[in-house]
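Here the structure comes first, spelled out in structure tokens, and everything after it is commentary.
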Amino acid sequence: MADTKPNLWHGIPREDIPWVPKVDEDACIGCQLCYITCGRAVYEMVDGVAVAVDPMNCAVGCATCGNICPTGAITFPPMDAVWKLERERQIFRTVKKEAARKHERDDMAKARADAQAAVEHVTTRARVEIAGEFGDKRFLVRLEELLGDRPYDIVNLRLEVPTVKGARAKAPAFMAFEVTSEAQEDIESFLNEVDALVRDASLVLVGTTRL
Ligand code: SF4
Ligand code: SF4
């Protein structure tokens, strides 16, 4: 379906505003700088020369293509006509409303970005590595008690004991596991409790890696 939205500039029909680029065909060397620079698709290159095929899409007051054209082939009418229209059509009430809507959109975008950043900084999974002598310390039992029916879990648990005889002789072993949140919520405070438990059991916390 064709776009029937009126082309307005702060309430003024765009065709009432005499702000359009004019290309001097004889001065144009076909470098295409205007064509590639204009973000509003105003230009097409026709037979090696820039042509403003959609001049009403030119942003009122913009003169970028004219400023960068190496031969000065693009010109615009004086701004006086635009300033006169601004006064006569009293656009500033419209501008104020548009600015209020823009502030609202910007605030919402910022709030969304802040919320997204907050979610991204939440730790929901971490690997914990511990060393020490686990045998008499009932560490796993105490860890299970710490979990209780809270919304956390311990997964991928690995216990490395050097040898069976070593275990009997209470040689140091290595344990690694991952702490997760079943509800995908922050586990930082629970990690602190695990840390405290490790210290209380006289084990060594080798490291905690946020995943
Ligand atoms: S920038 Fe100037 S010279 Fe280059 S294509 Fe456009 S009008 Fe022509
Ligand atoms: S003045 Fe700006 S918007 Fe208008 S045609 Fe040139 S680059 Fe495009």
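Every heavy atom of this structure was used, including side-chain atoms; hydrogens, water molecules and symmetry mates were not. Counting starts at 1 for both ligands and their atoms, following the listed order.
- Closest to atom 2 (Fe) of ligand 2, if we only count protein heavy atoms, is Cys62 SG, 2.4 Å.
- Counting heavy atoms from C-beta outward, Arg14 and Trp19 have side chains that approach closer than 4.5 Å.
- Annotation: side chain of Pro18 is in contact with side chain of Leu85 (closest heavy-atom distance under 4.5 Å).
- Of all the atoms in ligand 1, the ones that sit under 4.0 Å from a non-hydrogen atom of Cys31 are 1 (S), 3 (S), 4 (Fe), 5 (S).
- The shortest side-chain heavy-atom distance between Leu147 and Ile154 falls under the 4.5 Å cut-off.
- Within the 4.5 Å cutoff, no side-chain heavy atoms of Met56 are placed close to those of Trp9.
- Counting all heavy atoms, side chain and backbone alike, Val206 lies closest to Ile130 at CG2-C, 4.0 Å.
- Among all protein heavy atoms, the one lying closest to atom 4 (Fe) of ligand 2 is Cys58 SG, 2.4 Å.
- Formation of a donor-acceptor pair under 3.5 Å by the Thr123 side chain with backbone atoms of Arg210 is not found in this model.
- With ligand atoms numbered from 1 in the order given, ligand 1 contributes 1 (S), 5 (S), 6 (Fe), 7 (S) to contacts under 4.0 Å with heavy atoms of Cys34.
- The nearest protein atom to atom 6 (Fe) of ligand 2, hydrogens excluded, is given as Cys65 SG, 2.3 Å; this is a heavy-atom distance.
- Rounding to the nearest 0.5 Å gives a distance of 11.0 Å between CD of Glu44 and SG of Cys38.
- With a heavy-atom cut-off of 4.0 Å, Ala50 touches ligand 1 through its side chain alone.
- Near Ile74, meaning under 4.0 Å from one of its heavy atoms, ligand 1 places the atoms 7 (S).
- Note on ring orientation: taking the six-membered ring where Trp is involved, the planes of Phe139 and Phe177 are tilted (angle from 30° to 60°).
- Applying the 4.0 Å criterion to heavy atoms of Phe76 picks out, from ligand 2, the atoms 1 (S).
- Near Val42, the atoms of ligand 2 lying under 4.0 angstrom from a non-hydrogen atom of the residue are 5 (S).
- Salt bridge status for Asp114 with Lys110: present, with a side-chain N to carboxylate O gap under 4.0 Å.
- Close approach of ligand 2 to Tyr43 (heavy-atom distance below 4.0 Å) involves ligand atoms 5 (S).
- Not one N/O/S atom of Cys38, from backbone or side chain, sits under 2.8 Å from atom 4 (Fe) of ligand 2.
- Short contacts between ligand 2 and Ala63, defined as distances under 4.0 Å to a heavy atom of the residue, involve ligand atoms 1 (S).
- Distance from atom 3 (S) of ligand 2 to its nearest protein heavy atom, with residue and atom name: Ala59 N, 3.4 Å.
- Looking only at side-chain heavy atoms (C-beta outward), Val82 and Glu86 come within less than 4.5 Å of each other.
- Numbered from 1 in the order shown, with element, the atoms of ligand 1 that lie under 4.0 Å from a heavy atom of Ile29 read 3 (S), 8 (Fe).
- For residue Cys28, no N/O/S atom approaches atom 6 (Fe) of ligand 1 to within less than 2.8 Å.
- Between the side chain of Arg40 and the backbone N or O of Asn57, at least one donor-acceptor pair lies under 3.5 Å.
- The residue Val49 has no part lying near ligand 1, judged by heavy-atom distances below 4.0 Å.
- In the vicinity of Gln32, heavy-atom distances shorter than 4.0 Å reach the ligand 1 atoms 4 (Fe), 5 (S).
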